[in-house]
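Working notes, beginning with the structure itself.
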Amino acid sequence: MKTSETLISTLREVPAEAVIASHQLMLRAGLIRKLGNGLFTYLPFGLRSFRKVENIIREEMDAIGALEIKPSVVVPGELWRESGRWDTMGAGMLRIKNRVDQELVVSPTAEEAVTALIRDELSSYKQLPIVAYQINTKYRDEIRPRYGVMRGREFMMKDAYSFHADAESLDKTYLAMEKAYKRIFKRLGLSVIPVSADSGAMGGSGSEEFMVESPIGDDTLILCPKCGYAANTEKAACAPDEVQDKDGKPQVAATLPIEKVPCPGVETIAQMETFFKMPAEQFIKVLIYRVCNSELDLRTAPGGNTFKRDAETGGAPHYPEAFFAVAIRGDLDVNEAKLAAVLKASEVELACEDDVIRFSGAPHGFVGPVGLTKLPLLADESVMVQCEDGSYTVRVHDTVTGGGQADVDNLHVEPVRDFTPFMTADVRTVVAGDLCPCCGAEFYSKKGNELGHIFKLGYKYTKSMNVTYLDENGKQQVPTMGCYGIGVDRSLASIIEEHHDGNGIVWPMSAAPYQVVIVPVKYEGTMKEIADSLYAELRQAGIEVLLDDRNERPGVKFKDMDLIGIPVRIVVGEKNLPNVELKLRSAADSDLVPAAEAAGKAAAIVRAELAALNG
Ligand code: ATP
Ligand code: MG
């Protein structure tokens, strides 16, 4: 390609709206332009890199036997009603109506579309396992699209779905996917950290995320320096820690009865520490949560029969709205993703003040665990753990809690003696400094961005959408399922995050829009002749080569090509002839090589770099 025949739209200034390197550089190098909030157009150079990322993903999916399909992006809403997600997906899902008022969804993900396909095509166990994938447009009405294509509203995702007769077969595909993902990210020059992950609204268990470290990362990774434990904070667990009383001694069970202490204005944990002269580790705080679409059975829980249980709209019976009290040690925070997972809910949020008073009798800040009758209480494992025989291991003793009425706290509250919860679970937010549950070492943490996700879904969709097949004995069975996503745009942006310098992008060979650029100092006379012949030779050798034939000053052309980040540059200048300059974008210095050898050398560099990435 000659630059005069394509669109080079580089910008010298950093666009004000872009705060991260990849967003700035994608705009400055003319790879993308903004069309609307969270909506982008890829320009020719950007699209070339985009297609390379896409193709590497495609090659690795094909290599493990996944079959490419292409469902429509717009999907009948009816399928989402069948799975139950019409009600649970929330405002992130774009719903539209056509001229005959049919409800349609612009795919945010495609479990429903692919499950519906397999339902029609699958009849016998002989067809299993089936692994199907697409690389297709997704739309999510993200509240805050940001960082360019890193978090857009419309983006491209590779999403694969697998169907299996049994858990072993699912395990096999899951492991093959994990390997394929590692190969994909290696080929793209991306350093990823695989972490164990929450499976969120998708449901199911057994899930891993592939993260890249990033200071603007939306996720927090909890990492163990000793045994390699790595988890998203939405999933991370920790070993129980010893807590002490105000004298630094192990806490002992309360012997005194509960004492009501008037304490107007003492609302926060910090205020309580001062007022009671006790450490936060000896308080129990109780938070009231509004819980959406919980699939737990609450019929025997306190207040359970006041919540509406809905089994009409497909999917498992669930509570469109329920409320829970959550008790946790005073110095800790509730992790809402862990809480939602434990409650099998699509979403949890802190209840509004009216609901807090309605359910607990006290305003926020004075809610306690004692005497709650209108809603179920979940105790975090920092407070107590229910053992298999129904007894409890208590982890905090002789505690201070809200008094269950305004301006009163309770002193000497003892778990079990004074209250028992409906359930206990681990819902605390694990932070750096907490202890690894596997080896006891202290965690550290990093910010990261999710590039890909693999998870075992189990029967969630195949059951709710009635997928069956006949097994060897002619008996009807339901297949189990896995799903596997990678964001194409986000992977592309992450490559730039990892590979750039002060002058622009430094593409790994696998994702560069062109592999080699020839820059004649002036496109005329002998320089033109040599540039043209190098161009022809490289094209002949199958190298993706750009010839910068623009009538610009050499400095302008060098700046542009550095910004765009073409890995190999050949400069043809009068004063060096019969030699030309060969320079790698990643190196500071250039080499002089005879013009007759330059194409061969450049081609060898390209092949060696690709081989190293693919190896
Ligand atoms: P996040 O937590 O970042 O919103 P997610 O958990 O919603 O991600 P998945 O549903 O697992 O993501 O989607 C699979 C992949 O799609 C992600 O790993 C990511 O690479 C990509 N992706 C998700 N949302 C966006 C978005 N708004 N813009 C660009 N890529 C996205
Ligand atoms: Mg998301």
Side-chain angles (χ1 to χ4, degrees), residues 20 22-23 26 32 34-40 42 50 53-54 56-57 61 85 88-94 106-112 114 133-161 177-178 181 184-185 188 190 192-204 206-214 216-221 231-235 335-337 340-341 346-347 447-457 460-461 482-497:
I20 63 167
S22 60
H23 189 194
M26 287 179 89
I32 56 165
K34 181 175 168 177
L35 194 61
N37 203 3
L39 304 173
F40 295 89
Y42 280 87
F50 185 91
V53 175
E54 190 185 324
I56 286 174
I57 296 172
M61 286 297 108
R85 285 209 291 185
T88 59
M89 277 303 272
M93 183 159 89
L94 183 62
V106 185
S107 293
T109 172
E111 284 77 5
E112 282 75 1
V114 179
Y133 79 96
Q134 63 173 329
I135 302 180
N136 211 349
T137 300
K138 300 287 176 297
Y139 185 90
R140 294 181 183 181
D141 220 18
E142 299 274 356
I143 299 178
R144 231 161 44 90
R146 58 189 179 281
Y147 308 135
V149 300
M150 206 54 116
R151 183 174 298 283
R153 284 193 168 139
E154 186 181 302
F155 58 97
M156 195 78 107
M157 196 203 286
K158 183 287 296 177
D159 42 328
Y161 305 88
M177 281 286 173
E178 187 182 25
Y181 273 39
I184 289 166
F185 295 126
L188 294 175
L190 282 165
V192 297
I193 310 173
V195 301
S196 124
D198 169 61
S199 42
M202 309 284 176
S207 130
E208 219 175 334
E209 284 173 351
F210 294 79
M211 315 287 301
V212 282
E213 194 183 343
S214 158
I216 53 97
D218 290 314
D219 290 89
T220 304
L221 317 184
N232 193 316
T233 183
E234 296 184 347
K235 177 72 183 270
N335 186 285
E336 294 185 355
S346 62
E347 215 179 311
K447 289 266 172 219
N449 259 325
E450 180 197 318
L451 293 189
H453 199 165
I454 55 178
F455 43 12
K456 298 179 191 170
L457 285 168
K460 183 175 163 79
Y461 298 93
C483 83
Y484 320 87
I486 295 184
V488 180
D489 313 68
R490 193 179 286 178
S491 294
L492 182 67
S494 300
I495 295 172
I496 299 173
E497 285 295 319

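In this chain, residues are counted from 1 in sequence order. Whatever order the structure lists ligands and atoms in, that order sets their numbers, starting from 1.
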task: Without swapping roles, check the side chain of R140 against the backbone of R153 for a donor-acceptor pair under 3.5 Å.
output: no

- prompt: Should I486 be counted as touching ligand 1, given the test is an N or O pair under 3.5 Å?
  reply: no

task: Just jot down the ligand 1 atoms closer than 4.0 angstrom to any heavy atom of R140, in number order.
output: 5 (P), 7 (O), 9 (P), 10 (O), 12 (O), 13 (O), 23 (C), 24 (N)

message: Test your reading of the structure: does D219 have an N or O sitting under 3.5 Å from an N or O of ligand 1?
response: no

- request: Give the atoms of ligand 1, by number and element, whose distance to some non-hydrogen atom of E142 is under 4.0 Å.
  value: 24 (N), 26 (C), 27 (N)

message: Strictly below 4.0 Å, N to O, side chains only: are K235 and D219 in salt-bridge contact?
response: no

task: Check whether any N or O atom of L451, backbone or side chain, sits under 3.5 Å from an N or O atom of ligand 1, and answer yes or no.
output: yes

message: Below 3.5 Å, N or O to N or O, backbone or side chain included: is there any such pair between G152 and ligand 1?
response: yes

task: For ligand 1, note which part of R490 has a heavy atom under 4.0 Å away: side chain, backbone, both or neither.
output: side chain

message: Can you name the atoms of ligand 1, numbered from 1 with element, that are less than 4.0 Å from a heavy atom of V149?
response: 29 (C)

statement: If we number the atoms of ligand 1 from 1 as shown, the ones under 4.0 Å from a heavy atom of H453 are 11 (O)

statement: Under 4.0 Å from one or more heavy atoms of G452, ligand 1 contributes atoms 18 (O)

Candidate with minimal heavy-atom separation from atom 4 (O) of ligand 1, of K158, E450, R151: R151

